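Reviewing the structure listed below.
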Amino acid sequence: MTTTCFTRPAFKSRVVPVIVIKDPAHAVPLAHALLEGGIDVMEITLRSGAALQAIEAVARAVPEMHTGAGTVTRAAEVQQVIDAGAGFALSPGCTDGVFEAVRSARLPFIPGVMTPGEVMRWRDEGFSLMKLFPALQAGGLGMLQALGAPLPDVRFCPTGGVSPANLRDFLRLPNVAMAGGSWLTPADALANGDWTRITALAREAIELSNKP
Ligand code: 3PG
């Protein structure tokens, strides 16, 4: 196993906000709002021009937040997110190029998968924590249960279609380590700087994730 494969991330939260930040000035107050609600991890996606600046701002100003880079789909982006200060990265899928880049940089990484063959491909490289994306479209709870039978040594972070309505069902599965989604950071709440609402969403998610 390489240091790029991590099975037990350092963050405590089993809920991972998938974030699109348009204004880098929102990054630090957002990090504080999530921490206030009990979430100590952010997946800041490379889906906006502000993403790298946002990662940098949180990594520098909020050290207790575990700052991950999401939507890392090209090998060249790996060094960019490391330079910005990301502590780990996730991808919606994984290519040989992205894998080689995270391995040589020793960046902790959660590869995205959607089929048993992809799970087997990245398990061969030492990964035992993967992102199931898009989780609902891939079959949701039933898909995860089905994957767990032949591939019980792999755990997942389902993302895509996760919401407060199904979060507990996902987290109750034995092969689900954590779940991610964009519902925690709605675009209008970010645009309006409505940090109270984001803290409330985070708190609700943490309460759901703590329920047996
Ligand atoms: C992701 O990149 O993980 C997804 O776009 C998040 O999906 P959601 O918007 O359905 O939560």
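In each ligand, atom 1 is the first atom listed, and ligand 1 is the first ligand listed. Fair warning: this is a prediction, and the values are worked out from it, not measured in the lab.
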Would you mind writing out the side-chain donor-acceptor pairs for residues 70-77 within the sub-3.5 Å range, not counting sequence neighbours?
| unit_1 | atom_1 | unit_2 | atom_2 | d |
| --- | --- | --- | --- | --- |
| T71 | OG1 | R47 | NE | 2.9 |
| T71 | OG1 | R47 | NH2 | 3.3 |
| E77 | OE1 | T73 | N | 2.9 |
| E77 | OE1 | R74 | N | 3.1 |

Side chains of R121 and F127, heavy atoms from C-beta outward: is any pair under 4.5 Å?
no
Taking only heavy atoms of the protein into account, state which residues are under 4.0 angstrom from an atom of ligand 1, in chain and number order.
V18, R47, K131, F133, T159, G160, G161, G181, S182
Is there a donor-acceptor pair under 3.5 Å between the side chain of T67 and the backbone N or O of G87?
no
Could you give the side-chain donor-acceptor pairs of residues 201-212 under 3.5 Å, partners two or more places apart or in another chain?
| unit_1 | atom_1 | unit_2 | atom_2 | d |
| --- | --- | --- | --- | --- |
| R203 | NH2 | E36 | O | 3.1 |
| S209 | OG | I206 | O | 2.9 |
| N210 | ND2 | I206 | O | 3.4 |

Run the side-chain donor-acceptor check on residues 175-182: report pairs under 3.5 Å with partners two or more places apart or on a different chain.
| unit_1 | atom_1 | unit_2 | atom_2 | d |
| --- | --- | --- | --- | --- |
| N175 | ND2 | L144 | O | 2.8 |

Validation row: L30, M42 side chains within 4.5 angstrom (heavy atoms):
yes
